[in-house]
Novice: 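One structure follows; several queries about it will come next.
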Amino acid sequence: MKGFWRPFARLGGFRSYSVLSSDQLRINGVKDVIAVASGKGGVGKSTTAVNLAVALAKKCQLKVGLLDADVYGPSVPTMMNIHQKPEVTRDMKMIPIENYGVKCMSMGFLVDKDAPIVWRGPMVMNALQKMSREVDWGCLDILVVDMPPGTGDAQLTMSQKLQLSGALIVSTPQDVALIDARRGVRMFSKVQVPILGIIENMSCFKCPHCGEPSFIFGSGGARKTAAEMGLQLAGEIPIEVEIRKGCDEGIPIVVSAPDSVVSKAYCDIAQNVVMRLEELAKV
């Protein structure tokens, strides 16, 4: 039985960091690249990435790009109301499609809406390389990367092949989600990517009639986890029908209802991210 356990001995390990220099890892014209990640799917990572990107552009007045790296389940085309294919420059670079002041690139722009992405690992890695480096991003202050869920090959590749300035971890307050969020934090730490903070999504539901909060997925789980791991709680986003409607209709809530409580929460997170990046730049 000893031989049986040998393949599992390195579980929790990681591949070596990219041997490329920091200059080679950078994308031309892009100052900072941040990952919005989650240990598992279904916690609202893409919704968070989209609203964060728009908040950075609208509230913080930055030049922002959004890379949808979730190859198997691209959501950015729907959430950003973009339904066209990118044009190509003379030097064969794709031109990102802009909406709400954010330059976007997604696998969803390149395939039919209902077409499944039935690809093995190497093809996914090649696609991610093309969508990050073979795109004419121009000059950006921040490129927000909507990472695929989990801590597998695609996540490691993006972490190792891009000069990430930091990562945000999205989770619900539920213990089951936070277990995977911890794994996400540790993965980024192992490849030397700073954690900008944990975002607690779906923190509570406020009754539209009486305003009483209901903690459907538990209360304060992300705050407690952040404190235990020595991290910052970047923000808390409640559940609201308008968030879901905005995603389905392709109008992020920070655009459709800029004065709402949820929009202000996203804008606060955006400002926290900017301040955190400024702090890390001084280190």
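What you see below is based on every heavy atom in this structure, not just the backbone, and it leaves out hydrogens, waters and symmetry mates. We're numbering straight along the sequence, starting at 1.
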Novice: Report yes if some heavy atom in the side chain of Leu196 is under 4.5 Å from a heavy atom in the side chain of Gln232; otherwise report no.
Specialist: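 No - every pair of side-chain heavy atoms lies 4.5 Å or more apart.
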Novice: Would a hydrophobic clustering, with Ile, Leu, Val, Met, Phe, Trp and Tyr connected at side-chain separations under 4.5 Å, put Leu233 with Ile34?
Specialist: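 Cluster IDs for Leu233 and Ile34 differ.
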Novice: Identify the heavy atoms of Tyr100 and Gly250 that sit nearest to each other, and give their distance.
Specialist: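 Residues Tyr100 and Gly250, closest heavy atoms: OH-O, 2.5 Å.
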Novice: Between Ser106 (side chain) and Pro74 (backbone), is there a donor-acceptor pair under 3.5 Å?
Specialist: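 Checking the backbone N and O of Pro74 against the side chain of Ser106, no donor-acceptor pair under 3.5 Å is found.
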Novice: Backbone N or O of Glu200 within a donor-acceptor pair of the Ser203 side chain at under 3.5 Å?
Specialist: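 Absent.
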Novice: Can you tell me how far apart SG (Cys104) and CG (Asp146) are? Round to the nearest 0.5 Å.
Specialist: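 It comes to 10.5 Å.
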Novice: Considering only heavy atoms from C-beta outward, does the side chain of Leu231 approach that of Val185 to under 4.5 Å?
Specialist: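 Yes, at least one pair of side-chain atoms sits under 4.5 Å.
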Novice: Within this structure, what is the CD-CD1 distance for the pair Glu236 and Ile269, rounded to the nearest 0.5 Å?
Specialist: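 Spacing of CD (Glu236) from CD1 (Ile269) equals 9.0 Å.
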Novice: Rounded to the nearest 0.5 Å, what separates atom CG in Leu128 from atom CG in Asp70?
Specialist: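 Output value for this atom pair is 9.5 Å.
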Novice: Which pair of heavy atoms, one from Ser165 and one from Asp32, lies closest together, and at what distance?
Specialist: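 Of all heavy-atom pairs spanning Ser165 and Asp32, the closest is OG-OD1, 2.7 Å.
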Novice: Would you say the side-chain atoms of Thr78 and Ser75 include a donor-acceptor pair closer than 3.5 Å?
Specialist: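 On atom types as modelled, these side chains do not qualify, holding no pair under 3.5 Å.
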Novice: Within the distance-only criterion (no hydrogens, no angle test), does the side chain of Asp68 pair as donor or acceptor with the backbone N or O of Val76 below 3.5 angstrom?
Specialist: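 Confirmed, Asp68 side chain pairs with Val76 backbone.
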Novice: Inspect the surroundings of CD in Gln129 and state if more than 12 heavy atoms from other residues, nucleotides or ligands are less than 6.0 Å away.
Specialist: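 For Gln129, atom CD is crowded (more than 12 foreign heavy atoms under 6.0 Å).
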Novice: Tell me, yes or no, whether the heavy-atom count around Lys85 atom NZ, taken from other residues, nucleotides or ligands under 6.0 Å, exceeds 12.
Specialist: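 Result for NZ/Lys85: enclosed.
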Novice: Got a salt bridge between Lys264 and Asp268, using NZ or NE/NH1/NH2 to carboxylate O under 4.0 Å?
Specialist: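 So Lys264 does not pair with Asp268 through a salt bridge.
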Novice: Which atoms form the tightest heavy-atom contact between Val43 and Ala177, and what is the distance?
Specialist: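 Where Val43 meets Ala177 most closely, the heavy atoms are CG1-CB, 4.2 Å.
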Novice: State the NZ-CG distance between Lys282 and Leu277, to the nearest 0.5 angstrom.
Specialist: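 Lys282 NZ to Leu277 CG: 12.0 Å, rounded to 0.5 Å.
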Novice: Is a side-chain donor-acceptor pair under 3.5 Å present for Asp136 with Thr89?
Specialist: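 On atom types as modelled, these side chains do not qualify, holding no pair under 3.5 Å.
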Novice: Restricting to non-hydrogen atoms, name the atom on Leu280 and the atom on Pro194 that form the minimum distance, rounded to 0.1 Å.
Specialist: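 Between these two residues, the closest heavy atoms are CD1-CB, 3.9 Å.
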Novice: Is there side-chain contact between Val274 and Leu62, with heavy atoms separated by less than 4.5 Å?
Specialist: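 Result yes, sub-4.5 Å side-chain heavy-atom pair found.
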Novice: Is the shortest side-chain heavy-atom distance between Glu242 and Ser260 below 4.5 Å?
Specialist: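 Contact flag for Glu242/Ser260 side chains = no.
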Novice: Would Val193 and Ile199 show up in the same hydrophobic cluster when neighbours are defined by side-chain heavy atoms closer than 4.5 Å?
Specialist: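 Yes, because Val193 and Ile199 connect within a single hydrophobic cluster, where side-chain heavy atoms sit under 4.5 Å apart.
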Novice: Grab the two heavy atoms, one from Ala234 and one from Leu168, that are nearest each other, plus how far apart they are.
Specialist: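 Closest heavy-atom pair between Ala234 and Leu168: CB-CD2, 4.0 Å.
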Novice: Flag the pair Arg182 and Glu228 as a salt bridge only when some basic side-chain nitrogen lies within less than 4.0 angstrom of an acidic carboxylate oxygen.
Specialist: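 Looking at Arg182 and Glu228, the cut-off is met.
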Novice: Counting N and O atoms only, with roles assigned by atom type, does the side chain of Trp137 sit under 3.5 Å from a partner on the main chain of Val64, one being a donor and the other an acceptor?
Specialist: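 Checked: no pair found.
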Novice: Please round to the nearest 0.5 Å and tell me the distance separating atom CE of Met94 and atom CG of Leu110.
Specialist: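 If I round to the nearest 0.5 Å, the distance is 5.5 Å.
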Novice: Check for me, please, whether Met229 and Val176 land in the same ILVMFWY cluster - side-chain distances under 4.5 Å, paths through other members count.
Specialist: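 No, it is not one cluster - the side chains of Met229 and Val176 are not joined through contacts under 4.5 Å.
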Novice: Would you call Asp248 and Lys245 a salt bridge, using N to O less than 4.0 angstrom?
Specialist: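 A salt bridge is absent here (no side-chain N lies under 4.0 Å from a carboxylate O).
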Novice: Just wondering, do Ile237 and Thr48 contact through their side chains at under 4.5 Å, heavy atoms?
Specialist: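 With C-beta onward as the side chain, the pair stays apart.
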Novice: Taking the side chain from Asn51 and the backbone from Tyr266, do they hold a donor-acceptor pair closer than 3.5 Å?
Specialist: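 Answer holds: no.
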Novice: Out of curiosity, does Met107 fall in the hydrophobic cluster containing Ile95 (side-chain heavy atoms, cut-off under 4.5 Å, transitive links)?
Specialist: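 Shared cluster, no.
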Novice: Do the side chain of Lys45 and the main chain of Met147 share a donor and acceptor less than 3.5 angstrom apart?
Specialist: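 Such a contact is found between Lys45 side chain and Met147 backbone.
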Novice: Given side chains that start at C-beta, do those of Pro252 and Met80 come closer than 4.5 Å, heavy atoms only?
Specialist: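 Of all side-chain heavy-atom pairs linking Met80 with Pro252, at least one is under 4.5 Å.
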Novice: Which heavy atom in Met131 sits nearest to a heavy atom in Leu67, and how many Å separate them?
Specialist: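 Shortest heavy-atom separation between Met131 and Leu67 comes out as O-CD1, 3.5 Å.
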Novice: Is it true that, when you exclude Asn81 itself, more than 12 heavy atoms of the residues, nucleotides or ligands shown sit nearer than 6.0 Å to its CG?
Specialist: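 Atom CG in Asn81 is packed in, count exceeds 12.
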Novice: Once rounded to the nearest 0.5 Å, what's the spacing between atom CG of Asp175 and atom NZ of Lys224?
Specialist: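 Nearest 0.5 Å value for the CG-NZ distance: 7.5 Å.
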Novice: Does any N or O in the side chain of Gln192 come within less than 3.5 Å of the main-chain N or O of Ser189, such that one atom is a donor and the other an acceptor?
Specialist: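 Not at all, since once roles are kept as given, no pair shorter than 3.5 Å links the two residues.
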Novice: Is it true that, when you exclude Lys63 itself, more than 12 heavy atoms of the residues, nucleotides or ligands shown sit nearer than 6.0 Å to its NZ?
Specialist: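 Count not over threshold, so no.
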Novice: Are the side chain of Ser219 and the backbone N or O of Phe215 linked by a donor-acceptor pair below 3.5 Å?
Specialist: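 Answer holds: no.
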Novice: Find out if a path of hydrophobic residues (ILVMFWY) with successive side-chain heavy-atom gaps under 4.5 Å connects Tyr72 to Val170.
Specialist: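 Linked within one cluster.
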Novice: Would you find a donor on one side and an acceptor on the other, under 3.5 Å apart, between the side chain of Ser263 and the backbone of Ile253?
Specialist: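 Side chain of Ser263 to backbone of Ile253: a pair is present.
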